[in-house]
Amino acid sequence: MLDPRYVREHEAEVRKALENCKSKVDLSLYLDLERRRRDLTISVDKRKERLNKASEEMGRMKKEGQDISAYQAKLKELSDEIKQMDNEIAAVEKDFRDIELQVCNLPDASVPVGGEDKNQEVRKVGEPKKFDFKPKSHDELGAALGILDFEKAAKVSGARFFTLWGLGAKLERALINFMLDQHTQNGYQEIVVPHLVNYQSMEMSGQFPKFIEQAFAMKEDNYYLIPTAEVSLANLHRGETLPTGSLPKKYMAYTPCYRREAGTYGKDTKGLIRLHQFNKVEMFQFVEPEKSMAALDELVNSAGNILSLLGLPYRVVVLATGDKSFSSVKTFDLEVWVPSQNTYREISSCSNCTDFQARRGGIKFKREGGGKPELVHTLNGSGLAVGRTWLAILENYQQADGSVVIPEVLRPYMGGLDVIRPVK
RNA sequence: GGAGAGGUGGCAGAGUGGUCGAAUGCGUCUGACUCGAAAUCAGAUUUACGGGCAACCGUAACGGGGGUUCGAAUCCCUCCCUCUCCGCCA
C-alpha cells in the first residue's frame, strides 16, 4: 500500500511509475475516491461535533431534572443523517481500499524501465563447467540414482509433486541444515512458523487480493497454505510498534512452499523446477528506512554466499520495473547455472519492500532520539530454494558414469559421503 | 468437542449508559533540589485521519464487526483470541 497523501501530492510521478510497472490500476479513480472520502469525512465530522455537543448538553439537563424529550426527536434526525453519511463513507472507503490494494509498490529510480527483456545482469560468479560428455538432466540422473521419483508422487497427490528417496532425501535435508547454519553465522534468527495462515496475513505481505488464485485455500477453516515463509515472517510483528534499538531484526525460516501455479500448464513440466510444493529457506528483515537498500545488498550476498560455498555458478540479475515483484521497489534474482538447459534459472529472489508491507500491517518502530513512530522497511530473500539447489548440484556435479559428487561443504551433513553412485 | 472466565493506554489495573481518551500505581521524559546520584516534589507522557502558515481545532479508536440510544468502554448480537477444567490426541 502506498501513502495516499504521497500519491495525491505526486500524481504525475506515480502515474509514470505505475505505467512502468504495467499496472492496470485506474489512478484517476483512486484519486477521485480519495478526494470523496475526504470531503464526506469533513462534512460528517462537523455534524458529529454538533451531535456530541448536544448530547453532552442533554446529559447535563437530565441531571438537573429537565425534560429533554423535545430535543430527542430533533437529535434523532441529526443522528440518522450521520448514520446515513457514515454508510456512504463506508461504501467509498471500501471502493478505495479495493483499488488501493491493487496498486503495486513504486519501483526505485535505479531499476531499469521495461519488461522482462530489460532485466539486467549485475554480475556473474563462477564459470559454467565444461563437460566432456552430454550432461544429463537432474530428473534423468535422479531417476537413475534411485533418489528421485515423480510417478510415486503423482500417485499420492498428482502432477507437480515429487518424492525423494534415501540419499536424495538426505541431500535435501543436508542442504536445509547447511543453509540455516550459514545464515545463522550472518545473524539471522531461525524461527519455526505456521504454514497455514489467515487472510489478513496473506493480504499484509501482498499476496492478496491480487494473487488469491495462486494460493491453496482451506475453505472450511479460512486458512491458506503459505506460498513462501515470507508471509509468516512478515506478519510476526503485525500491528506492533517496535521499541527503540530493536532494529534490524533478521529472521529466517525453513518451510515448504505451496503454490497452485495456476496458468503455468505446459511450463517446466519436467523435473524439480516448478512444483506445487517445494522446500525453501527464507530470510526476512525489518530495518530502519535509510538502511533498507544496504540490507538488500546484504540479502543478495547471503544468498550468493550459499551458492559460492556450494561451488555453483550463478549470476545476479536486477529485475526491470515490469518484472519486479508486486510489493517491492527493487528485486534482485539469483540465477543458478543449469547445464541440461544450458541456461541460468532463478534460485533466489531478494526484494526491498520499503514501507509497502509495513503500511498494510501497521509495523512501526521508535527511533533513538524519540519522535513519532515510523513505518519500518521490510525485505525478503530466498536463501535458497532447496529443490532447485538440489537439482543444480545433481546437474553441475554429475560424472560421466551418472554418479554425483557431493560438494565438500555438504559432506559433513551427509555423514562424510563424497559421491552418490548409481545403484547396481 | 463440552463447561466456565476473560480481552481497557508501554505494563499492571479501576471503571457497568452521560463532562471517560479513560481513575490509580508502575514505567518513561522534563524541571526543581544535589558537587553528582538516589530519594522526594512539580509537570508531562496514545495513535490515526482531517482542517489551519501556526498556536490550535475537529473526528475516530477500550479485541474485530454490527445493533439499541439524543448519548456506549459500559446494554444486545456476532466473530476472533487468551486462560482454566473435562474429553480426545502426535
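Chain A is the first sequence line, chain B the second, and so forth, proteins listed ahead of strands; every chain is numbered from 1.
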Rounded [atom1] spacing from [N] to [M] in Å:
N     : M     : atom1 : answer
B:C76 : B:G18 : P     : 16 Å
B:C77 : B:G52 : P     : 44 Å
B:G27 : B:U78 : P     : 43 Å
B:U74 : B:A60 : P     : 15 Å
B:G17 : B:A72 : C1'   : 7 Å
B:U34 : B:C56 : C1'   : 39 Å
B:U30 : B:A48 : C1'   : 26 Å
B:G63 : B:G50 : P     : 26 Å

Please report the distance, rounded to the nearest Å, between [atom1] in [X] and [atom2] in [N].
X        : N     : atom1 : atom2 : result
A:Lys46  : B:A60 : NZ    : P     : 15 Å
A:Asn198 : B:G63 : CG    : P     : 19 Å
A:Lys48  : B:A61 : NZ    : C1'   : 11 Å

Do A:Leu299 and A:Met283 make a side-chain contact, defined as non-hydrogen atoms from C-beta onward lying under 4.5 Å apart?
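Yes, close enough: below the 4.5 Å cut-off.
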
Are A:Leu312 and A:Trp337 side-chain neighbours, meaning at least one heavy-atom pair lies under 4.5 Å?
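No, every pair of side-chain atoms sits at 4.5 Å or beyond.
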
Between [X] and [Y]: side-chain donor-acceptor atoms closer than 3.5 Å:
X        : Y        : result
A:His237 : A:Tyr251 : yes
A:Tyr254 : A:Asn177 : no
A:Asn105 : A:Thr354 : yes

Could you list the residues that satisfy side-chain hydrogen bond (donor to acceptor under 3.5 Å, both in side chains) with A:Tyr6, not counting sequence neighbours?
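A:Glu13.
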
Which residues share a ring-ring contact (aromatic ring centres under 6.0 Å, His included) with A:Phe96, sequence neighbours left out
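Scan of A:Phe96 (ring-ring contact (aromatic ring centres under 6.0 Å, His included), adjacent residues dropped) gives A:Tyr30.
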
Residue that, paired with A:Glu203, satisfies salt bridge (Lys or Arg N to Asp or Glu O under 4.0 Å) out of A:Arg238, A:Arg359, A:Arg360, A:Arg97
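Of all the options given, the one that passes is A:Arg97.
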
Where protein sits on nucleotides 45-56 of chain B, one letter per nucleotide: B base, S sugar-phosphate only, - none, heavy atoms under 4.0 Å:
--SS-SS-----

Quick one: what's the B/S/- string for nucleotides 67-83 of chain B, heavy-atom cutoff under 4.0 Å, read 5' to 3'?
-SSBS------------

Give each stem of RNA chain B as a range with a range, requiring at least 3 consecutive Watson-Crick or G-U wobble pairs whose two distances are under 3.5 Å.
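When the pairs of RNA chain B are grouped into runs of at least three, the stems are B:1-7 with B:80-86, B:10-12 with B:24-26, B:27-32 with B:40-45, B:46-51 with B:56-61, B:63-67 with B:75-79.
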
Between A:Arg60 and A:Glu49, name the one whose nearest nucleotide on RNA chain B is closer to the 5' end.
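This one resolves to A:Arg60.
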
Is the terminal nitrogen or CZ of A:Lys250 (NZ for Lys, CZ for Arg) located under 6.0 angstrom from the six-membered ring centre of A:Tyr188 and within 45° of that ring's axis?
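So A:Lys250 does make the cation-pi contact.
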
Is it true that A:Arg367 and A:Glu290 make a salt bridge, defined as a side-chain N closer than 4.0 Å to a carboxylate O?
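A salt bridge is present here (some side-chain N lies under 4.0 Å from a carboxylate O).
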
Salt bridge or not between A:Arg8 and A:Glu34? Use side-chain N to carboxylate O under 4.0 Å.
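So A:Arg8 pairs with A:Glu34 through a salt bridge.
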
Just jot down the side-chain contact (heavy atoms from CB on, under 4.5 Å) partners of A:Thr184, sequence neighbours excluded, or say none.
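Listed in chain order: A:Met252.
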
